[in-house]
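Everything numeric here is computed off the predicted structure, so don't read it as measured data. Just so you know, these numbers use all the heavy atoms, side chains as well, and skip hydrogens, waters and symmetry mates.
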Amino acid sequence: MCSLEKHGDVFVLTLTGSSDVDEHRFCPPAIDSILSAIAKAKAEATPGSALITTSHGKFFSNGFDLAWAQAAGSRTGARERLHYMVESFRPVVAAMMDLPMPTVAAVNGHSAAAGLTLALSHDYVIMRRDKGVLYMSEVDIGLTLPDYFAALFRAKVGSATARRDVLLRAKKIKGEEALRMGLVEAAYDGEEQVAEASMRLAKQLAGRKWAGEVYAEIRKSLYPDLCGVLGLDIRAVVSNSKL
């Protein structure tokens, strides 16, 4: 599940759980909660808004709730539940790409599979250097990538070598290496430092007072293949009052 708070011009979406070791797995109610929070931020956006997504505890997110899928009691049922989560999560990535404000993922713990996909759906990713890894587990656990996961990695990870190591090698990547690979904007020692750096960046971006609709359309124009997979249109928008 998640919460949404606002600090000045900055929305803070926090993945919440029952303890500090909650993995923030994406089951259907959690996905619905995230979608509702993003929709609320979008509805309340003004020029100069920004969004930070973070989490409580040791994990940012370990991805889909595979235990919920397996609880279906049969292989067919488990695969149907997994497919349902995959398709339910697609609108989350689409909503992030279409959000009319800059976005920052404050990754203060492990981020795996769909959890890493959520992080990379943001404009900027900041993570811990001292703890936590980025990890795409699909090849290790025997699952192919959803089309929009693959499109996101092609769009957001510029190096073919980095994509290979993340997706085909299932490498567990710590902060300094993630920075060298271009996966994150910055890495800091400690949860507090990540939170402070993320808020500082979000406030800097919010301070530019950009028109949100223009910002969203420029973002989408940078990733046309991803937007095509997500079913997002790219439009021309003019917000300059003199034109």
Side-chain angles (χ1 to χ4, degrees), residues 2 4 11 13 15 24-45 49-53 60-61 63-65 69 79-105 107 111-125 134 136-138 143-160 162-163 166-167 182-185 205 210-237:
C2 73
L4 183 71
F11 294 93
L13 190 164
L15 305 176
H24 307 298
R25 292 277 186 170
F26 298 145
C27 60
I31 294 170
D32 289 343
S33 178
I34 295 168
L35 270 174
S36 294
I38 296 171
K40 181 175 174 61
K42 183 175 183 177
E44 297 179 7
S49 291
L51 173 83
I52 295 172
T53 300
F60 180 75
S61 170
F64 292 132
D65 190 346
R79 291 182 176 182
E80 288 175 351
R81 285 191 174 190
L82 177 60
H83 178 75
Y84 182 78
M85 287 187 289
V86 167
E87 290 308 310
S88 296
F89 197 70
R90 184 188 299 267
V92 172
V93 177
M96 291 302 305
M97 295 303 299
D98 199 36
L99 196 63
M101 64 187 76
T103 57
V104 181
V107 179
S111 180
L116 180 51
T117 299
L118 176 62
L120 290 179
S121 298
H122 293 70
D123 300 322
Y124 302 87
V125 181
L134 309 182
M136 290 300 287
S137 58
E138 282 77 0
L143 297 174
T144 55
L145 287 179
D147 59 351
Y148 64 97
F149 278 39
L152 178 71
F153 274 85
R154 290 194 301 269
K156 292 298 192 81
V157 182
S159 164
R163 292 195 298 271
V166 173
L167 299 172
L183 296 172
V184 302
E185 183 76 11
L205 295 166
W210 290 313
E213 190 177 14
V214 171
Y215 187 92
E217 294 304 324
I218 292 176
R219 179 200 287 126
K220 289 188 293 183
S221 73
L222 295 176
Y223 311 115
D225 292 341
L226 172 60
C227 289
V229 171
L230 294 171
L232 293 173
D233 294 327
I234 302 171
R235 302 176 296 112
V237 173

Completion exercise
Taken to the nearest 0.5 Å, the spacing of Ser111 OG from Leu134 CG works out to 5.5 Å
Exercise for the section: Would you mind reporting whether Val157 and Leu167 have side-chain heavy atoms less than 4.5 Å apart? Expected result: no
Exercise for the section: With side chain to side chain contact (heavy atoms under 4.5 Å, CB included) as the test, would you mind laying out the steps for Leu15 and Ser61 before giving the verdict? Expected result: CA-CA 8 Å; Leu15 305 176; Ser61 170; 4.2 Å; yes
Exercise for the section: Just do the side chain to side chain contact (heavy atoms under 4.5 Å, CB included) check on Phe153 and Leu145 with the steps written out, would you? Expected result: CA-CA 10 Å; Phe153 274 85; Leu145 287 179; 5.6 Å; no
Ignoring hydrogens and angles, write down the donor-acceptor pairs under 3.5 Å from the side chains of residues 28-38, residues two or more places apart or on other chains.
| residue | atom | partner | partner atom | Å |
| --- | --- | --- | --- | --- |
| Ser33 | OG | Cys2 | N | 3.2 |
| Ser36 | OG | Asp32 | O | 3.0 |

Problem - Atom pair NZ (Lys156) and CZ (Arg163), whose distance is rounded to the nearest 0.5 Å - result: 13.5 Å
Practice task
Can you run down the side chain to side chain donor-acceptor pair (under 3.5 Å) pairs that involve residues 85-104, sequence neighbours left out, and say none if there aren't any?
Solution key: Lys42-Asp98, Glu87-Arg90, Arg90-Asp147, Asp98-Lys220, Thr103-Asp123
Exercise for the section: Flag the pair Leu51 / Met96 as yes when at least one side-chain heavy-atom distance between them is below 4.5 Å, and no otherwise. Expected result: yes
Practice task
Could you tell me whether the side chain of Val125 reaches within less than 4.5 Å of the side chain of Val107, counting heavy atoms only?
Solution key: yes
Handout entry: CA sep, side-chain torsions, deciding dist, call: Leu183, Leu116, side chain to side chain contact (heavy atoms under 4.5 Å, CB included)
Key = CA-CA 10 Å; Leu183 296 172; Leu116 180 51; 6.0 Å; no
Handout entry: Residue pair Val92, Ser121: steps toward the side chain to side chain contact (heavy atoms under 4.5 Å, CB included) verdict
Key = CA-CA 9 Å; Val92 172; Ser121 298; over 6 Å; no
Exercise for the section: State whether the side chain of Arg219 and the backbone N or O of Met101 hold a donor-acceptor pair below 3.5 Å, judged by distance alone. Expected result: yes
Handout entry: Interatomic spacing from CD in Glu217 to CG in Asp233 - rounded to 0.5 Å
Key = 8.5 Å
Please tabulate, one pair per line, all N/O donor-acceptor pairs under 3.5 Å involving side-chain atoms of residues 221-232, not counting sequence neighbours.
| residue | atom | partner | partner atom | Å |
| --- | --- | --- | --- | --- |
| Ser221 | OG | Ile218 | O | 2.7 |

Problem - ring-ring contact (aromatic ring centres under 6.0 Å, His included) partners of Phe26, counting only residues at least two apart - result: Phe89
Practice task
Decide yes or no for Leu99 and Tyr215: does some side-chain heavy atom of the first lie under 4.5 Å from some side-chain heavy atom of the second?
Solution key: no
Practice task
To the nearest 0.5 angstrom, please state how far the CD atom of Glu138 sits from the OG1 atom of Thr144.
Solution key: 9.0 Å
Completion exercise
What one should report as the nearest heavy-atom pair of Ala119 and Ala105 is O-CB, 3.8 Å
Exercise for the section: Not counting sequence neighbours, which residues clear side chain to side chain donor-acceptor pair (under 3.5 Å) with His24? List them please. Expected result: none
Problem - Close side-chain approach of Phe149 to Val93, heavy-atom, < 4.5 Å - result: no
Practice task
Evaluate the side-chain proximity of Thr53 to Phe60: yes if any heavy-atom separation is below 4.5 Å, no if none is.
Solution key: yes
Practice task
Applying side chain to side chain donor-acceptor pair (under 3.5 Å), name anything that partners Arg81, two or more places apart in sequence or on another chain.
Solution key: none
Problem - Beyond-backbone contact of Thr117 with Met136, side-chain heavy atoms, under 4.5 angstrom - result: yes
